[in-house]
Amino acid sequence: METNYFLLIIIYLTVIFKALADGYNYKYNVSQNEHDKSFFGVAYHIFGILTIGIPITSILIKGFGTFDFLFIIIAFALIYFGIFDFLYNKITGRNSLYIGKTDIFDKIIGKFIKTPNAKILLFVFRWACFIAGTSLILDFI
C-alpha cells in the first residue's frame, strides 16, 4: 500500500510539473534563445527534466512488473487527461473550461463541445477520469 501512495504522488507531480513547464513557456512566451538566459527558461527546463526524470526514477527504484506497468500507464493517462488542461489553463490565466484551437485534441473536442453545458459535462468527465486513475493506483496495484 505504501508503494501505491508513492506512485500516486509521483504521477501527480509529473502532471503538475508538465503543466507548469508548458504553462510558463506559453504565458511568458519564452523564445528558444531566451531559454538559457531567463528565469522562466531555466524553470521550463527544470520542470521538463522533472516531468521525465521522476517517473523513470520511480519505476527503476520500485521495480514494477509488466502487468503493473500497464495499469500505471492507464492510470497516468486518466490522471493526465483529468487535470492537465485545468492546471495549464489556470497557469496561463485562462478559464478552467477553456478549450484551445491549435492542439489536435482541442480541435476534436471543440467540434463536439460548443455550449456551456457541454463544457461542464467535459469538466465532470475529466474529474471522473482523474478519480478513476487515482483509484486504479490505490486499488489495483
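Remember, it's a predicted structure, so these values are computed and weren't measured experimentally.
- In terms of heavy-atom proximity, A75 sits nearest to G133 at CB-O, 3.5 Å.
- Each of W127, F125, F130 was compared with F81 under the ring-ring contact (aromatic ring centres under 6.0 Å, His included) criterion, and only F125 meets it.
- Hydrophobic clustering (ILVMFWY, side-chain heavy atoms < 4.5 Å, transitive): I9 and I16 are in one cluster.
- With N89 contributing its side chain and Y98 its backbone, the two residues share a donor-acceptor pair below 3.5 Å.
- To the nearest 0.5 Å, the span separating CG on L138 from OH on Y5 amounts to 5.5 Å.
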Is there a side chain to side chain contact (heavy atoms under 4.5 Å, CB included) between L20 and I91 once you walk through the steps?
-> CA-CA 7 Å; L20 284 170; I91 292 165; 3.5 Å; yes
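- To the nearest 0.5 angstrom, Y12 atom OH is 10.5 Å from L7 atom CG.
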Criterion side chain to side chain contact (heavy atoms under 4.5 Å, CB included) on F76 and V15, from CA distance to verdict | CA-CA 9 Å; F76 177 82; V15 175; 3.9 Å; yes
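- Summarising the geometry, atom CD1 belonging to I79 is positioned 12.0 Å from atom CD1 belonging to I74; distances are rounded to the nearest 0.5 Å.
- Nearest heavy-atom pair, T92 versus G23, reported as atom, atom and distance to 0.1 Å: CG2-O, 3.6 Å.
- I131 and Y80 fall within a single hydrophobic cluster, where Ile, Leu, Val, Met, Phe, Trp and Tyr side chains are chained together by heavy-atom contacts under 4.5 Å.
- The CG atom of L136 lies 9.5 Å from the CD1 atom of I11; values are rounded to the nearest 0.5 Å.
- Atoms CZ and OH, from F84 and Y88 in turn, are 7.0 Å apart once rounded to the nearest 0.5 Å.
- Taking CG of D85 as the reference point, atom NZ of K90 lies at 13.0 Å (rounded to 0.5 Å).
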